Amino acid sequence: MKDQKIKGLKIYNTLTGTKEGFTPIHEDYVGMYVCGPTLYSEPHMGNMRTFINFDLVYRYLIYLGYKVKYVRNITDAGHITNSAGEQEDSIGKAARLEQLQPLEIVYKYNVRFQNLQKIYNLLPPTIEPTATGHIQEQIEIIEKIMENGFAYEVNGSVYFDVQTYKKSFNYGELSGRKVEELENETRDLNAQSEKRFFADFALWKKANQNDMQIWRSPWGDGNPGWHIECTAMSTKYLGETFDIHGGGLDLKFPHHEDEIAQSCGSSGKAPAKFWMHANMLNVNGKKMSKSLGNFFLPQEIVEGATDLFDKAYAPNVLRFFMMQSHYRSTLDLTQDALNASEKGMARLTESIETLDQITFADKSSFDVKAIVESFYDAMNDDFNAPILIAGLFDAVKKINLIKDGKESISQKDQKLLLEEMKGFVLDVLGLTLDGNQKDNRLNPVMDLVLELRQQARANKDWATSDLIRDGLKNAGISVKDGKDNTSWQ
RNA sequence: GGUCUCGUGGCCGAGUGGCUUAGGCACCGGUCUGCAAAACCGGUUACAGCGGUUCGAAUCCGCUCGAGACCUCCA
């Protein structure tokens, strides 16, 4: 089935604003670059949403059988934002505050980030290159851009020459901005700028006295510009043009626009065939962000340590919650929504276990293949995980009906459905069944306890059976009386 | 101020011209049960407002109202 389905994948391309059929540049191989975090603090849940969404993309491409090279950078060089060079870079600022070296800051938060990836069951990218590890590559790209006449040096800094560039290329094609209009749109014009043109951006920035990180370059000591690291690293690991470039929607302009300019300006080629942008995670309708203070940390929510919610949620629940919305839509995070996801996910994962132990029939009473195909169709339509989940719940309903003897399934279909449900739930959505797995040592104990309760019930000794039930409840174990047997969780 | 996006039932959230009852949760009814919970089955509630195009619009166009994003670091 995968062989037939692999050709059906469509991806929404920000560059064209349409869904396009996906065909990799090199057959069977996919190159994907995603902009990673700047590690001057711990990533919050909003950041995680983007990484989880691209994890979904990565997982589905693998599921379809592609060999995927997934590059996600780690920004460990701070970037001076103000063109006058007055503002401190984010990493340097954090370093000063915590009285650590910049790379100690980055290391510290990278350890946490890596841990979060494990907790949230993100597949590790093929490589996570760092900006500071690729200063030479960045310098070389800048040199190429200068050779091509699209950059100029001023006083130890190098700027990209947008005006010259747009004579040969279309600056603004990704974000739909027109350079002529940009000037009026800009809120704060910096009159003191060294730049020839307001839209020019720094490729290399001359060092300040108080910079904590400084590198040597042909133009003197300084720092690489914000955008150049992605161009350098994507080129190095994926080539001048690769299949997919992803990132958060807030990076579309100027970051990704400038990446395109740098690639075209150096190699003459556009960096990526497909640009994918993941939308923001909202809290009460507003983008989760540090400045608004409406963020919480991924670690806090799984520990129940945030004031925003009165209980802890499993990482699985957060993942499922996010998968219930499309990656290109904003998603509002509320406690009610999380509670809904928690229950729904439990029902979904439990049904997989039910299916595993189901009784076969000679024939299936419903079209199993059609349900499975709906899984692929959903994901092939621009990774539409919410539709996939709706399809999975169709299967859940059928499985429960089979259990009740109202539908039936053949052994062959059971095998197919189980395999594909596991595939989509575990491998594609990246959920785990951990929550349903019981402690090996506790198992026989619980068997005994429930047996005793069953005896009490047989004797109509309700006092004893309720004592056991209530006692277990206090211990955090809920007893579920089924038709034929009693289970617990 | 400029550019753009969005406004779906109690909540979250899909769907872009013609039965999608999307789906999840909640709620109501039922089955089961010693009771309760859990499971399961069934059901109700919607397309911001106004106008237009069309045989027909949640879906296309216009206007109004509202929300948000980007233009500065941001996933």
Side-chain angles (χ1 to χ4, degrees), chain A residues 34-38 40 43-54 72 75 78-83 87-90 93 172 175-178 181-188 190 199 226 246-255 277-282 285-291 320-321 323-326 328-348 350-351 354 378 381 384-394 396-397 399-401 403-404 406 457 460-462 465-466 469-470 473 478-483 486-489:
Chain A
V34 172
C35 290
T38 303
Y40 64 95
H44 62 234
M45 207 63 221
N47 301 317
M48 286 301 286
R49 186 189 177 200
T50 297
F51 302 135
I52 287 172
N53 274 140
F54 283 106
R72 190 184 58 211
T75 298
H79 299 294
I80 292 136
T81 58
N82 186 317
S83 55
Q87 276 180 346
E88 218 168 0
D89 73 277
S90 48
K93 195 174 171 187
S175 58
R177 288 165 195 276
K178 293 189 170 61
E181 291 171 3
L182 267 174
E183 187 152 24
N184 303 323
E185 296 167 12
T186 305
R187 282 182 299 194
D188 301 309
N190 193 326
W226 174 31
L249 188 60
D250 50 359
L251 295 182
K252 187 161 79 170
F253 186 88
H255 183 59
H277 289 97
N279 216 136
M280 302 291 103
L281 181 66
N282 286 178
K286 289 217 168 97
K287 175 182 170 181
M288 181 180 282
S289 71
K290 295 213 164 137
S291 53
F320 183 75
F321 166 70
M323 296 292 115
Q324 277 184 296
S325 81
H326 188 75
R328 280 193 286 117
S329 300
T330 54
L331 172 61
D332 218 63
L333 183 62
T334 61
Q335 174 135 28
D336 285 346
L338 280 183
N339 286 338
S341 294
E342 189 170 44
K343 292 198 174 182
M345 192 197 67
R347 204 156 75 84
L348 174 62
E350 277 166 25
S351 83
T354 304
D381 186 11
N384 199 324
I387 298 288
L388 164 63
I389 288 172
L392 288 168
F393 275 105
D394 286 344
V396 169
K397 184 173 271 191
I399 289 165
N400 289 327
L401 284 168
K403 196 174 70 174
D404 283 1
K406 290 169 184 162
R457 292 179 75 199
K460 296 189 191 286
D461 179 3
W462 311 130
S465 80
D466 289 353
R469 185 172 71 194
D470 296 343
K473 193 179 179 186
S478 57
V479 174
K480 297 176 179 181
D481 292 325
K483 202 170 186 177
T486 299
S487 61
W488 58 277
Q489 203 172 25

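Being a predicted model, the structure only gives us computed values, none of them experimental.
- With sequence neighbours excluded, the residues that form a side chain to side chain contact (heavy atoms under 4.5 Å, CB included) with A337(A) are F321(A), T334(A).
- Nearest to the side chain of R457(A), among A75(B), U33(B), C71(B), sits U33(B).
- For L251(A), the side chain to side chain contact (heavy atoms under 4.5 Å, CB included) partners are C35(A), W226(A), H255(A), H256(A), not counting sequence neighbours.
- One P atom belongs to A22(B), the other to G15(B), and the distance between them is 14 Å to the nearest Å.
- With sequence neighbours excluded, no residue forms a salt bridge (charged side-chain N to carboxylate O under 4.0 Å, His left out) with D336(A).
- Spacing between G24(B) and A14(B) at atom P, rounded to whole Å, works out to 15 Å.
- For R469(A) against A36(B), a side-chain-to-base donor-acceptor contact under 3.5 Å is present.
- Panel note: side chain D381(A), backbone N384(A); no donor-acceptor pair is recorded below 3.5 Å.
- By the salt bridge (charged side-chain N to carboxylate O under 4.0 Å, His left out) test, R49(A) is found to be paired with no residue, residues two or more places apart in sequence or in another chain being considered.
- At the heavy-atom level, G391(A) lies nowhere under 4.0 Å from the strands shown.
- Counting non-hydrogen atoms under 4.0 angstrom, K403(A) reaches the backbone sugars and phosphates but no base.
- Between G10(B) and C47(B), the two P atoms lie 10 Å apart (nearest whole Å).
- Nucleic acid contact for V479(A): base, since at least one base atom lies under 4.0 Å from a heavy atom of the residue.
- Look at the P atom in both A48(B) and U16(B): the space between them is 15 Å, to the nearest Å.
- Using a 4.0 Å heavy-atom cutoff across all strands shown, M345(A) reaches no nucleic acid atom at all.
- By the side chain to side chain donor-acceptor pair (under 3.5 Å) test, T330(A) pairs with no residue at all, sequence neighbours left out.
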Identify each atom pair where a protein N or O and an N or O of nucleotides 41-49 of chain B are less than 3.5 Å apart, giving names and distance.
{"residue": "G42(B)", "atom": "OP2", "partner": "K397(A)", "partner atom": "NZ", "Å": "3.3"}

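- Residue K252(A) is out of contact with every strand shown, counting any heavy-atom pair closer than 4.0 Å.
- For the salt bridge (charged side-chain N to carboxylate O under 4.0 Å, His left out) test, no residue two or more places apart in sequence or in another chain qualifies with K286(A).
- Comparing C27(B) with A39(B), their P atoms sit 12 Å apart, to the nearest whole Å.
- Using a 4.0 Å heavy-atom cutoff across all strands shown, G46(A) reaches at least one base atom of the nucleic acid.
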For nucleotides 11-13 of chain B, print each protein N/O atom paired with a nucleotide N/O atom at under 3.5 Å, atom names and distance only.
{"residue": "G13(B)", "atom": "OP1", "partner": "D332(A)", "partner atom": "N", "Å": "2.7"}
{"residue": "G13(B)", "atom": "O2'", "partner": "Q324(A)", "partner atom": "O", "Å": "3.1"}

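- A cation-pi arrangement, defined by a distance under 6.0 Å to the six-membered ring centre and an angle within 45 degrees of its axis, is absent between R72(A) and F54(A).
- For A75(B) and U20(B), the C1' atoms lie 33 Å apart once the distance is rounded to whole Å.
- Ion pairing between D470(A) and K473(A) fails under the 4.0 Å rule for side-chain N and carboxylate O.
- By the side chain to side chain donor-acceptor pair (under 3.5 Å) test, D250(A) pairs with K287(A), sequence neighbours left out.
- The phosphate of G68(B) has OP1 or OP2 within less than 4.0 Å of a side-chain N or O from K286(A).
- A26(B) atom P lies 14 Å from atom CD of Q335(A), rounded to whole Å.
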message = Please evaluate residues D466(A) and R469(A) with respect to the criterion salt bridge (Lys or Arg N to Asp or Glu O under 4.0 Å), reporting the C-alpha separation (whole Å), side-chain torsions for both, the decisive distance (0.1 Å), and the verdict.
response = CA-CA 5 Å; D466(A) 289 353; R469(A) 185 172 71 194; 3.5 Å; yes

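- Stacking between F51(A) and A75(B) is absent: the aromatic ring centre is not both under 5.5 angstrom from the base six-membered ring centre and within 30 degrees in plane angle.
- Nucleotides G43(B) and C55(B) have their C1' atoms positioned 33 Å apart, rounded to a whole Å.
- U5(B) and A38(B) are spaced 43 Å apart, taking the C1' atom of each and rounding to whole Å.
- Residue N384(A) has a polar side-chain atom (N or O) positioned under 4.0 Å from OP1 or OP2 of G15(B).
- Stem analysis of RNA chain B (at least three stacked-register Watson-Crick or G-U pairs, each with both distances under 3.5 Å) gives B:1-7 with B:65-71, B:10-12 with B:23-25, B:27-30 with B:40-43, B:48-52 with B:60-64.
- In this structure H44(A) satisfies the side chain to side chain donor-acceptor pair (under 3.5 Å) test with no other residue, sequence neighbours excluded.
- At a threshold of 4.0 angstrom between heavy atoms, the contacts of D466(A) include nucleobase atoms, whether or not backbone atoms are also involved.
- Across all strands, M288(A) comes closer than 4.0 Å to base atoms (heavy-atom distances).
- Counting non-hydrogen atoms under 4.0 angstrom, K343(A) reaches the backbone sugars and phosphates but no base.
- Between the side chain of N279(A) and the base of A69(B), no donor-acceptor pair of N or O atoms lies under 3.5 Å.
- When side chains are defined from C-beta on, E342(A) does not count as touching L338(A), because their heavy atoms never get closer than 4.5 Å.
- Under the 90° criterion around 0 for the glycosidic angle, A38(B) counts as anti.
- Comparing A75(B), A22(B), C35(B) against the side chain of D481(A) picks out C35(B) as the nearest.
- Both L281(A) and F320(A) lie close to RNA chain B; mapped to their nearest nucleotides by heavy-atom distance, the more 5′-ward contact belongs to F320(A).
- Across all strands shown, H255(A) has no heavy atoms under 4.0 Å from either base or sugar-phosphate atoms.
- Checked against side chain to side chain donor-acceptor pair (under 3.5 Å), R347(A) has no partners two or more places apart in sequence or in another chain.
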